[in-house]
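Below, each value reflects all heavy atoms present in this structure, side chains not excepted, and no hydrogens, waters or symmetry copies. Naming: A, B, ... by sequence-line order, numbering from 1 per chain.
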There are 2 protein chains.
Amino acid sequence: MYTLDRSLIANLAPFAGLTPQDLDHILAKARPARVAEGRPVFEQDAEAHSFFLLLDGHVRVVKTTADGEQVIMRYVSSGQLIGIAKALGRSSYPATAVAAVDCMLLAWPSEAWSELTLRYPGFAANTYKAVGERMEEAHDRMVELATAQVDRRVAHALLRLAKQTGRKTDEGMLIGFPITRQDIADMTGTTLHTVSRLLTAWEYLGLVKSTRKKVTVVDAERLQEHVGG
Amino acid sequence: MYTLDRSLIANLAPFAGLTPQDLDHILAKARPARVAEGRPVFEQDAEAHSFFLLLDGHVRVVKTTADGEQVIMRYVSSGQLIGIAKALGRSSYPATAVAAVDCMLLAWPSEAWSELTLRYPGFAANTYKAVGERMEEAHDRMVELATAQVDRRVAHALLRLAKQTGRKTDEGMLIGFPITRQDIADMTGTTLHTVSRLLTAWEYLGLVKSTRKKVTVVDAERLQEHVGG
DNA sequence: CGACACTTTGATCCGATTCAACCATCGTGG
DNA sequence: CCACGATGGTTGAATCGGATCAAAGTGTCG
């Protein structure tokens, strides 16, 4: 058995303010995991046996309704915790998490949660701050879903993803993982047809550029304005 | 100066498991407040100077967008905490809270938050459990807004309100506070016109009954089925 | 190269908003 | 106490944003 190096997590937000000893102790309970693109990290309604830290990659968090409709709740980038059901008093996962690309994670057994938060109040505070941010994000999306037209919702989704995960290329900000028209539709509550039409229209206007599973935001400001922001 | 009686809060979820002494100490820091129907308890973006416990009444939590559109995030019933911005690492209120009827509240200065959670871990746990529940609620509404038709969204809103706040009458469950067509529209992301049409149609079918600012769910099961549940 | 996953585009349809007008109920002040 | 303005509610007609239905095109991988 090897030892995980603390440099893996030392600079990540959830562990801000912890000592090297703390980090080592926390890492001692973790187990590394690899999840291939398209495979689940955990599944909706399954018993929440573990929580995870995404070290590298991107994960899509999806809720599926009783009648089979899907909604993408959010995309998780590296450095963030996922599956922290226990932190919010749940014993099962509220959604499915799917690797959007090949991912590296650390996994802790859920029982470790209460011990870690008790022993490291800073860790708990960091986590609840993150929960607060997610809550706010959720509220913002609720407002948007309730009031904004489809074009605005799609534009905002692209702008958010480009900002959060974009890599600068000579054409603009390329969203940092493969994403289909269907995925975008599932984030915004519309259909792949409408997303396709919007993207072609925007490409024609020079606002975005896209190919199979790749979307680049060419001109964020004009895209923003174009949908009225 | 008088003393607040601990029986005011002894049986409420946020204070479950605390001793009488704990309760007295917590109450010593609280200040009672009355807010008349239609008046704000706190306002969006204002500095979060206090958090509150709703002792009696109903409060509507509303977000207003830059372009003046309103969305009702939730209704708060008595016994619940509101305005706990500090618990989630915020320094301003994310929304406006308006008294839906005349309300009685207790108010604590925000600085008391960290002291209370540190001294009473049970209080903290109770709170985060509640936060988890709200998070889940928010997610459910996101899914619903993204996938369900207007009639289903309106029906679910009414069923939820009837269950949470309803008072049994000889006609069914009467929603426990005055609510207008516009309010229902603001909860579900539609217009007062559509809500009005739905309510008249459902009244004709014997599913609901409504007059000015009052809505009664007559037959919850059939209403549920009618929108496909 | 063939199969499959993803994308585009046209045509049609419908739910829900918008526009418009009117009615009902409530509270207030002359 | 009644009149009047304000707030809340209803209903019809026109319109339109997007979903749905349908079909064909294109890139990718085994």
Side-chain angles (χ1 to χ4, degrees), chain A residues 36-38 60 67-72 98 100-102 144-155 157-158 175 177-205 208-216 226-228, chain B residues 36-38 60 67-72 98 100-102 144-155 157-158 175 177-205 208-216 226-228:
Chain A
E37 175 171 343
R60 177 167 66 239
D67 51 310
E69 297 218 68
Q70 288 202 179
V71 180
I72 297 181
V98 179
V101 294
D102 292 348
E144 192 167 278
L145 281 166
T147 65
Q149 310 262 89
V150 165
D151 59 348
R152 185 180 262 214
R153 303 207 302 266
V154 171
L158 296 181
I175 290 175
F177 50 87
I179 185 167
T180 67
R181 309 290 183 265
Q182 181 68 60
D183 290 335
I184 298 171
D186 288 346
M187 295 182 69
T188 52
T190 179
T191 63
L192 74 160
H193 308 277
T194 298
V195 172
S196 176
R197 284 184 237 269
L198 287 172
L199 287 183
T200 13
W202 292 341
E203 180 141 10
Y204 182 76
L205 295 173
V208 304
K209 200 143 193 303
S210 69
T211 61
R212 185 173 240 245
K213 287 195 176 193
K214 304 226 162 302
V215 179
T216 302
H226 183 259
V227 294
Chain B
E37 175 171 345
R60 176 167 67 237
D67 49 309
E69 298 218 69
Q70 289 202 178
V71 181
I72 296 179
V98 178
V101 294
D102 292 347
E144 192 166 279
L145 281 166
T147 64
Q149 311 263 85
V150 165
D151 58 348
R152 186 182 263 215
R153 302 208 301 268
V154 171
L158 296 181
I175 291 176
F177 50 87
I179 186 167
T180 67
R181 309 291 183 263
Q182 181 67 60
D183 291 335
I184 297 171
D186 287 347
M187 296 181 70
T188 51
T190 182
T191 62
L192 75 160
H193 309 279
T194 299
V195 173
S196 175
R197 284 184 237 269
L198 287 172
L199 287 183
T200 10
W202 291 340
E203 180 141 10
Y204 182 76
L205 294 173
V208 304
K209 201 143 194 302
S210 69
T211 61
R212 184 173 239 243
K213 288 194 175 194
K214 305 227 162 300
V215 178
T216 302
H226 183 258
V227 295

Backbone N/O of A36(B) and side chain of D102(B): donor-acceptor pair under 3.5 Å: no

Sugar-phosphate, base or nothing in reach of G38(A), heavy atoms under 4.0 Å: nothing

A100(B) backbone acceptor or donor facing R60(B) side chain under 3.5 Å: no

Rounded to 10 degrees, the angle between the two terminal axes of the helix from dC1(C)-dG30(D) to dG30(C)-dC1(D), each from five pairs: 30°

Any donor-acceptor N/O pair, D186(A) side chain to D183(A) backbone, under 3.5 Å: no

Distance, rounded to the nearest Å, where D183(A) contributes CG and dA5(C) contributes C1': 12 Å

Phosphate-side-chain proximity, T191(B) and dT17(C), N/O vs OP1/OP2 below 4.0 Å: yes

Nucleotide-resolved protein contact map, nucleotides 6-11 of chain C, B/S/- at heavy-atom distance under 4.0 Å: BBBBBB

Q70(A): side-chain hydrogen bond (donor to acceptor under 3.5 Å, both in side chains) partners, not counting sequence neighbours: none

Sidechain-backbone polar pair: S196(A) side chain, L192(A) backbone, donor-acceptor under 3.5 Å: no

Under 3.5 Å: donor-acceptor pair, side chain of R152(B), backbone of V227(B): yes

Gap between atoms CD and C1', on Q149(B) and dC13(C) respectively (whole Å): 13 Å

Donor-acceptor pair, side chain of R181(B) and main chain of V195(B), under 3.5 angstrom: no

Rounded interatomic separation in angstrom, taking CG from D151(A) and P from dA19(D): 11 Å

Distance (rounded to the nearest 0.5 Å) between I72(B) CD1 and Q182(B) CD: 8.5 Å

Rounded interatomic separation in angstrom, taking CZ from R153(A) and C1' from dA19(D): 12 Å

